[in-house]
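Read the numbers this way: they start at 1 and go in the same order the structure lists the ligands and their atoms.
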Amino acid sequence: MTDKKKIEELREKVNYHNYRYYVLADSLISDYEYDMLNKELEKLEKEHPELVTPDSPTQRVGAELVGKFKQVEYKIPMLSLENTYSRDEVFNFDRRMQKELGINPDYTIEPKIDGFAVSLVYRDGRLVQASTRGNGVIGDEITNNVRTIKSVPLQLLVKRHCSLFVQEKNLMNIEVRGEVVMPKESFERINKERESQGKPLFANPRNAAVGTIKHLDPKVVAERKLDMIVHSIPHPPEGYKDHYTTLKDLGKIGLKVSQNTKLCKSIEEVMDFCDAWESKRWELPYEVDGMVIKINNFDQQKLLGQTTKSPRWTIAYKYPASQATTKLEDIILQVGRIGTITPVAVLTPVNIGGVTVSRATLHNSDEILRKDIRIGDTVFVERSGEVIPEIVKPVIENRTGREKTFKMPENCPSCGSKLVKHKGKVAWRCENLQCPAQINLRIEHFVSRNAMDIEGLGKKVIAQLVEANLINDFTDLYWLKKEELLKLERMADKSADNLLQAIEESKTRDFFRALFAIGIRYVGIHAAKLLANHFPSINKLKETGFEEINAIPEIGTVIAKSVVGFFENPDSLKIIERLKKAGICLVGTRPDVSLPLSDKTFVLTGSLSDFSRIKATELIESLGGRVTSSISKNTDYLLVGASPGSKYDKANKLGVPIINEEEFKKLISR
Ligand code: IVH
């Protein structure tokens with residue numbers, strides 16, 4: 001193929017993916033693949049300058065406008081960043097900077113936030129305009145949507161709250177630019193909601209942020225909990241000489257800036273910082289896909305200037321991608337500890353963010369249908385932080401017609417019993433309590449570190465013990481005898497002693513750990529702690545009804561139902577009896593007396609005369625109660641002070657008891 005033809009083909013591809021990414025917020029390929037296509041095109045065009053045309057995607061800064069909002073024109077265009085995945089190129093960049101400046105410059109280094117570029121304009125300290133990048137020169141005005149983002153100040157901090165002196169003169173009339181992001185937590189919550197409503201899921205937090213900010217209804221935007229991190233200042237404010245100091249000062253006048261920036265004296269220091277953040281970035285609440293290296297001094301930046309695409313004084317060092325496309329070779333079934341069947345994708349191994357991924361979760365069979373995932377498809381796989389990789393969607397365009405739709409098998413892959421799906425549930429289940437896959441997993445969970453922490457009882461030994469019929473559930477562990485253990489392959493005298501000793505020691509574990517170890521569905525370690533703090537013993541928990549369990553803060557209906565259901569099962573009661581007999585601690589440290597405000601929920605409104613809100617909250621909590629911010633029919637009391645807000649009317653409407661400060665004092669002195 002001639003280079004001319006190659007260029008044409010690449011342009012077509014880049015244009016298409018550009019449109020999917022920027023206009024539709026629905027990309028088909030990973031960022032990495034997209035960047036590689038662009039790079040290839042740039043390289044070829046560099047080799048053949050005569051073939052560059054004004055309509056090439058390399059000649060344009062951003063993307064098409066969506067066109068539903070008012071437009072804003074930028075005097076200083078919102079440019080892109082030159083980016084690289086290669087360390088060598090970062091060192092080349094440094095050499096170029098040194099050569100052009102004739103000195104060894106200082107750099108600032110900061111996270112490259114994977115969000116959506118937005119410009120904010122402040123006049124006299126007030127936010128007057130927010131707009132998207134659009135094509136870099138003309139963007140969409142989205143002030144009302146941005147106003148709903150809590151981290152964007154509507155008014156910059158005034159002097160008395162701010163340690164800066166100069167701010168009124170220099171920083172009250174500024175334009176700043178930054179990234180709007182959707183924190184990973186909100187992203188997960190919103191996708192869960194969308195899933196339950198049968199709506200298409202967002203592929204990643206960035207797409208979710210774009211989809212949200214372009215929503216025409218600011219109410220919807222507000223619910224989605226976006227965040228904005230400011231990273232640049234197109235016109236350096238008067239009196240400021242460098243990026244680092246300016247950024248720090250922007251942080252002081254109320255704007256959110258990254259706390260993870262560093263001023264560096266050399267490119268080696270810059271690279272060390274990049275390396276340190278490669279894994280640490282996963283701990284941040286939002287996605288970071290690289291680091292941005294910037295010449296710190298504004299005069300030096302000016303001297304270096306810019307190309308039509310990007311400033312020449314900065315470069316982004318990008319970390320290996322966390323998304324990729326690969327082939328779905330097969331779908332297999334995994335049996336969970338409580339019999340839930342999870343379809344698992346078997347993938348052609350692919351490197352995602354430095355980790356080889358060959359398996360991904362498909363959640364349940366409904367999801368496979370909804371996403372229309374077929375065996376043989378090219379699929380879009382995403383790995384975010386420590387979570388199990390997920391299949392986002394198939395690449396329909398790559399279908400050959402030979403793909404096979406997935407059909408849920410009728411029988412359990414482990415024990416062969418018929419799988420069942422309960423009304424209103426999405427998961428198929430194997431309900432055979434004797435299913436070997438489940439027996440082993442339940443025991444593995446029981447002995448795991450957060451649970452009973454029995455050392456020396458790995459998967460293999462458990463499988464051997466079950467296989468040899470020495471144990472059938474975890475309670476049997478406490479009746480194991482040394483001579484039985486010695487019959488196992490590769491079990492020496494000493495290891496048998498150690499194992500018995502570890503089993504014996506596990507009897508001293510706290511109540512909450514035992515409660516977690518038992519493996520009640522949905523009861524994780526945190527819920528187990530809440531239950532163990534609330535109930536003095538497993539007997540009390542067993543006798544308690546749904547309402548009381550459900551009323552415990554943070555325990556929702558799903559957990560409460562599951563706990564009640566667990567104790568209704570005669571098999572569970574047998575297990576509890578066996579554990580008691582073995583001497584496992586099933587009582588808590590909490591004395592069996594209830595506090596005066598136990599399980600009572602309060603909402604506060606208006607100003608109280610004898611307590612601050614914080615004091616009143618502390619007092620209520622110390623007496624066993626709980627304070628929430630909004631009224632519902634589950635609220636026990638609305639505590640009203642002077643000039644109450646709308647909560648007062650709402651409480652009246654819902655029939656929630658309303659008490660004043662005097663009545664409150666009486667209540668707590670009872
Ligand atoms: S500085 C273009 N700093 O990444 C010069 N940009 O992929 C000013 N970005 O267009 C930008 N984190 O929207 C800068 N710490 C950071 C950034 C950052 C993310 C965005 C920015 C840029 C895009 C390029």
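Of all protein heavy atoms, the one lying nearest to atom 5 (C) of ligand 1 is P311 CG, 3.6 Å. The protein atom (non-hydrogen) at minimum distance from atom 4 (O) of ligand 1 is K112 NZ, 3.4 Å. Looking only at heavy atoms of the protein, atom 12 (N) of ligand 1 is closest to I113 N, 3.0 Å. The nearest protein atom to atom 8 (C) of ligand 1, hydrogens excluded, is given as S232 OG, 3.9 Å; this is a heavy-atom distance.
Between S80 and ligand 1, no N or O atom pair is found at a separation short of 3.5 Å. Of the N or O atoms in P111, one or more lie within a sub-3.5 Å distance of an N or O in ligand 1. When only interatomic distances are considered, the shortest N/O to N/O separation between L81 and ligand 1 does not fall below 3.5 Å. At a 3.5 angstrom cut-off on N or O pairs, A117 does not count as close to ligand 1.
Between P111 and E287, the closest side-chain pair of non-hydrogen atoms is not below 4.5 Å.
Annotation: cation-pi pair R177/Y74 present, NZ/CZ under 6.0 Å from the ring centroid and within 45° of its normal.
Distances from ligand 1 to the non-hydrogen atoms of T314 include no value under 4.0 Å.
By the salt bridge (charged side-chain N to carboxylate O under 4.0 Å, His left out) test, E47 pairs with K43, sequence neighbours left out. A search for side-chain contact (heavy atoms from CB on, under 4.5 Å) contacts involving P349 returns T356, S358, not counting sequence neighbours.
Counted within 6.0 Å of NZ on K241, heavy atoms from surrounding residues, nucleotides or ligands total 12 or fewer; the atom is thus considered open.
Selection from M78, R133, K318 by nearest heavy atom to atom 10 (O) of ligand 1 gives R133. Counting only non-hydrogen atoms, the option in K294, H231, E110, E179 that gets closest to atom 13 (O) of ligand 1 is E179.
Checked for salt-bridge contact, D106 and K265 meet the test: a charged N lies under 4.0 Å from a carboxylate O.
Heavy-atom proximity to L79, at under 4.0 Å, picks out these atoms of ligand 1: 2 (C), 10 (O).
In this structure, the ring of Y32 has its center less than 6.0 angstrom from the ring center of Y85.
Ring geometry, F273 versus W277: the interplanar angle falls from 30° to 60°, so the pair is classed tilted.
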